[in-house]
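Sequence lines set the chain letters: A, B, ... in the order given, protein chains first and strands last, and positions in each chain run from 1. For clarity, every value in this text was computed on a predicted model and none was experimentally measured.
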Number of protein chains: 2
Amino acid sequence: MSLSPSQNNKTLRRRREILEGASRVFRERGLHATGMRDIAAELDMHVGNLYYYFRNKQDLLAFCQQDALDGLLSRARTVRKEELRADTQLFKLIYAHVHLLNYELPASLAHLEIEALEPEVRQPVLRQRDEYERLLRETVDEGIQSGLFRQTDPKVATLAIRGAVNWTVKWFRPGGPAKIAEIARQFAEYLVMGLLTPGIPPEFPDSSELAFLVGSGSPSPEQRL
Amino acid sequence: MSLSPSQNNKTLRRRREILEGASRVFRERGLHATGMRDIAAELDMHVGNLYYYFRNKQDLLAFCQQDALDGLLSRARTVRKEELRADTQLFKLIYAHVHLLNYELPASLAHLEIEALEPEVRQPVLRQRDEYERLLRETVDEGIQSGLFRQTDPKVATLAIRGAVNWTVKWFRPGGPAKIAEIARQFAEYLVMGLLTPGIPPEFPDSSELAFLVGSGSPSPEQRL
DNA sequence: ACAGAATTTGAACAGGAGTTCAAATTCTAG
DNA sequence: CTAGAATTTGAACTCCTGTTCAAATTCTGT
């Protein structure tokens, strides 16, 4: 007798399946163009059935966004814990962000559209978003403090970074000419170089250190996108 | 006897008024949350009346996006015509973009959501968008060619720039702590520095050269946002 | 095999969205 | 002043979307 399916373990797995199906349709048709019926169709189920797993569309949307931010946050925390130079650390943060968003996280697209959430559901998502932003900004701050980075407003720099990396979701498509790992590397390089104090040689992680992405933290067994 | 109001000059002015009203509501409520009735209400008119000036919502949306891209393009062309070093030129392009989007162009928000346009209406907008991207990329290309910029994929760099600057629309609010001119300056500095070949001192325009934005090209008499 | 819970079905409802249009009103030229 | 065009009104219509729910089905433990 479980009125709220979120407790059961199996139904929670199903919720993830729905998340992935929904995210697939979001990518194809766009977040706002997809209705509950589209999501149901993608999963070969009936509309009403979705409401067994989610109270409403907002609930489903919030679940997607939570998942995306969870992924970003857990990775960012891991990187932050390593004691590295600010430039190396920022490089990894940016690299991980681009990679996660376009390769591992199914719900990444939703992450771009917090405005789509109604205020009640938006709040917890917003809190996580701010926490993530804090991690980024702290890294930039440290870089400036240590003289490694130029004297700039870390808030503005962080927003520039967030914009560049989030925007990738809008144009990157898996089948395209460029590989996501290479794009992630170039983004990280570009956005760190822009902060470095002129004259200081950057210290970037080599590719072996970037394998940290594959197979840890991400909860899905098969690669998703 | 004019069946299509687009010919008449006065109705064209009215179309612009509607564009501005619509854009105001877009900023407040978000593009997808605003209906034709909201737009009509903002302008103290009735819904049906909107359809005297626009065939349908898509037509209105396309008109907004066209306007935004027209503004960006005309400014970018002006900058491109000046014979300047690639870094100076790119600086001005980025500065102008941020400034236009957040200070002068009312319809800037629409510019972010090309996907909201149905294929038929989307095509011409897409063509202009590509033209704009070309101008940006050419500048980056020139910088690389001349050795001023590092050896990178100009396409990727351009996309990073576009992401960073477009994203500003999502977070910048006129009443906020930071002034848009300062943000635009920092963005330009950051994104150009990231491309510069290490060791080469940048050549940025001074503030007097950035006044090029105010009062030219933009068709509205009063400052809009 | 069976009872009771968990899940799925199928159809319906309510509301809001874009859109249409004939009638009323306002504007404009001669 | 007045006819004809241009614009606005007001209400309606249609379609689509999120949502609900009782009934049917499937699953699970004993």
Side-chain angles (χ1 to χ4, degrees), chain A residues 1-19 21-22 25-26 28-64 110 113 115-122, chain B residues 1-19 21-22 25-26 28-64 110 113 115-122:
Chain A
M1 40 78 175
S2 80
L3 289 176
S4 91
S6 45
Q7 304 168 340
N8 190 334
N9 203 322
K10 194 172 67 177
T11 62
L12 206 137
R13 242 198 322 270
R14 199 78 219 272
R15 276 164 69 101
R16 297 208 69 84
E17 276 178 41
I18 294 176
L19 175 151
V25 197
F26 288 159
E28 280 175 29
R29 259 171 268 203
L31 185 61
H32 295 278
T34 64
M36 295 298 268
R37 282 167 181 81
D38 300 317
I39 298 172
E42 170 79 18
L43 293 152
D44 284 311
M45 54 173 20
H46 291 230
V47 208
N49 200 6
L50 283 176
Y51 287 82
Y52 182 75
Y53 294 97
F54 298 95
R55 271 208 306 285
N56 48 37
K57 198 187 186 183
Q58 285 289 316
D59 198 26
L60 167 53
L61 226 25
F63 187 70
C64 290
E113 317 235 17
E115 321 85 39
L117 296 178
E118 282 157 19
E120 320 114 50
V121 195
R122 194 187 307 167
Chain B
M1 36 73 175
S2 81
L3 289 177
S4 89
S6 46
Q7 303 168 342
N8 190 332
N9 203 324
K10 193 173 65 176
T11 62
L12 207 138
R13 241 196 325 269
R14 199 78 219 274
R15 276 164 69 102
R16 297 207 71 84
E17 277 177 39
I18 295 175
L19 174 152
V25 197
F26 289 160
E28 281 173 30
R29 260 171 267 202
L31 185 62
H32 295 279
T34 64
M36 295 299 266
R37 283 166 181 82
D38 300 317
I39 298 172
E42 170 79 18
L43 293 152
D44 284 312
M45 53 173 19
H46 292 231
V47 209
N49 200 7
L50 283 176
Y51 287 83
Y52 181 74
Y53 294 97
F54 298 96
R55 272 206 307 285
N56 49 36
K57 196 186 186 182
Q58 286 288 317
D59 198 25
L60 167 52
L61 227 25
F63 187 70
C64 290
E113 317 236 17
E115 320 85 40
L117 296 178
E118 281 157 19
E120 319 115 51
V121 195
R122 194 187 306 167

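If you find the closest nucleotide of DNA chain C to A:Met45 and to A:Arg37, the one lying nearer the 5' end belongs to A:Met45. When each of B:His46 and A:Lys57 is assigned the nucleotide of DNA chain D bearing its nearest heavy atom, the one mapping closer to the 5' terminus is B:His46.
Whole-Å rounding puts the A:Leu12 CG to C:dT7 P distance at 11 Å. We find that CG of B:Leu43 is positioned 16 Å from P of D:dT7, with the value rounded to whole Å. The separation between B:Arg13 atom CZ and D:dT7 atom C1' is 15 Å, rounded to whole Å. As a whole-Å value, the separation of A:Phe54 CZ from D:dT20 C1' is 18 Å. If you take OH of B:Tyr53 and C1' of C:dT19, they are 18 Å apart, rounded to a whole angstrom. Atom pair A:Arg15:CZ and C:dT7:P shows a separation of 12 Å (rounding to whole Å applied). Between A:Ile18 atom CD1 and C:dT7 atom C1' the separation is 11 Å, expressed in whole Å. The NE2 atom of B:His32 sits 15 Å away from the P atom of D:dT17 (whole-angstrom rounding).
Between B:Tyr52 and D:dT8 there is no side-chain polar atom (N or O) within less than 4.0 angstrom of OP1 or OP2.
When every heavy atom of A:Asn56 is checked against every heavy atom of A:Tyr51, the shortest pair comes out as CA-CE2, 3.8 Å. Closest approach of A:Leu60 to A:Phe54, counting heavy atoms only: CA-CD2, 3.7 Å. Smallest separation of non-hydrogen atoms from A:Val121 and A:Leu117: O-CD1, 4.3 Å. Between A:Arg55 and A:Asp59, the shortest heavy-atom contact is N-OD2, 3.2 Å.
Going from atom CZ of A:Arg14 over to atom OH of A:Tyr53 covers 5.0 Å, rounded to the nearest 0.5 Å.
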- In 5'-to-3' order, the base (B), backbone-only (S) or no-contact (-) status of each nucleotide in nucleotides 20-30 of chain C, using a 4.0 angstrom heavy-atom cut-off, is B------SS--

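Put simply, the side chain of B:Gln58 gets close to the backbone of B:Glu118: a donor and an acceptor are under 3.5 Å apart.
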Between side-chain atoms of residues 30-41 of chain A and protein atoms elsewhere (two or more places apart, or another chain), which donor-acceptor pairs fall under 3.5 Å?
unit_1	atom_1	unit_2	atom_2	d
A:His32	NE2	A:Glu113	OE1	3.1
A:Thr34	OG1	A:Leu31	O	3.2
A:Asp38	OD1	A:Arg29	NH1	3.2
A:Asp38	OD2	A:Gly35	N	2.7

